[in-house]
Amino acid sequence: MQLQAVHHVALIASDYARSKHFYVEVLGLKVVAEHYRAARDSWKLDLALPDGTQLELFSFPAPPARPSRPEACGLRHLCFAVVDVAAAKQALEAQGVVVEDIRVDEYTGKRFTFFADPDGLPLELYEA
């Protein structure tokens, strides 16, 4: 077996409309499909990045909070590649998103920063 790429990452939102706005309007991801699943009282929104990687945004009634501090075992954060971290940081801040100071990866010399989605999921911007 040889893995080819990451196909998608699935996220569960506490407030579907708020998270849909964040990922589509603030981050600019393209909507591929959106479905309401009545049997689960759940929305499923498929979003795409320019390279074809997808995010699946789900809603479920009363999902439990994600433990993040102290950091829980499991997926730590989701990272997006950008050409210019400073410009991306400025664009997010212009839309009211709180973004950490830019840091430099001590091993690669690349710049990066962190911010959070509406549910506090840690997201990273990494300079490609």
Item to complete: For salt bridge (Lys or Arg N to Asp or Glu O under 4.0 Å), just list the numbers for Lys20 and Glu34, CA-CA rounded to whole Å, side-chain angles, deciding distance to a tenth of an Å, and then say yes or no.
Response: CA-CA 10 Å; Lys20 178 182 176 181; Glu34 183 175 33; 3.1 Å; yes
Search all heavy atoms of [X] against all heavy atoms of [Y] and return the closest pair with its distance.
X	Y	answer
Ala48	Val32	CB-CG2, 3.6 Å
Ser14	Pro63	CA-CG, 4.2 Å
Asp117	Asp119	OD1-N, 2.8 Å
Ser42	Ser59	OG-O, 2.5 Å
Tyr16	Phe58	CD1-C, 4.5 Å

Are [Y] and [X] connected into the same hydrophobic cluster when the rule is that any two of I, L, V, M, F, W, Y join if their side-chain heavy atoms are below 4.5 Å apart?
X	Y	answer
Ile12	Leu27	no
Val99	Val83	no
Phe60	Tyr23	no
Phe114	Val98	no

Worksheet entry | Ion pair check, Arg103 and Glu100, cut-off under 4.0 Å |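 Here Arg103 pairs with Glu100 in a salt bridge, since their nearest N and O are under 4.0 Å apart.
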Item to complete: Identify whether the distance between the nearest side-chain nitrogen and carboxylate oxygen of Lys110 and Glu127 falls below 4.0 Å.
Response: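 The answer is no: the pair does not qualify as a salt bridge.
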Worksheet item: Is it the case that more than 12 heavy atoms not belonging to Arg18 sit under 6.0 Å from its CZ atom?
Response: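 Yes, because the 6.0 Å sphere around CZ of Arg18 holds more than 12 heavy atoms from other groups.
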Discussion item. With a sphere of 6.0 Å drawn around CZ of Arg37, does it hold more than 12 non-hydrogen atoms of other residues, nucleotides or ligands?
Written reply: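 More than 12 within 6.0 Å, yes.
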Practice prompt. Nearest 0.5 Å please: distance from the CG atom of Leu92 over to the CG atom of Leu125.
Written response: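 Reported value, rounded in 0.5 Å steps: 6.0 Å.
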Worksheet item: Any side-chain heavy atom of His77 sitting closer than 4.5 Å to one from Leu123?
Response: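 A side-chain contact is absent here, since even the closest heavy-atom pair is not under 4.5 Å.
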Practice prompt. Give the C-alpha distance, both sets of side-chain angles, the deciding distance and a yes or no for side-chain contact (heavy atoms from CB on, under 4.5 Å) between Leu121 and Leu11.
Written response: CA-CA 9 Å; Leu121 175 68; Leu11 309 172; 3.4 Å; yes
Worksheet item: Do Tyr126 and Thr113 have side-chain atoms, one donor and one acceptor, less than 3.5 Å apart?
Response: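 There is no such pair (donor and acceptor under 3.5 Å, judged by atom type) between the side chains of Tyr126 and Thr113.
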Fill in: Backbone N/O of Val104 and side chain of Glu106: donor-acceptor pair under 3.5 Å
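Pair absent, no side-chain N/O of Glu106 close to backbone of Val104.
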Practice prompt. Would you check if the side chain of Thr53 reaches a backbone N or O of His7 as a donor-acceptor pair within less than 3.5 Å?
Written response: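 Checked: no pair found.
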Worksheet entry | salt bridge (Lys or Arg N to Asp or Glu O under 4.0 Å) assessment of Asp84 paired with Arg111 | CA-CA 9 Å; Asp84 183 340; Arg111 298 184 307 164; 3.3 Å; yes
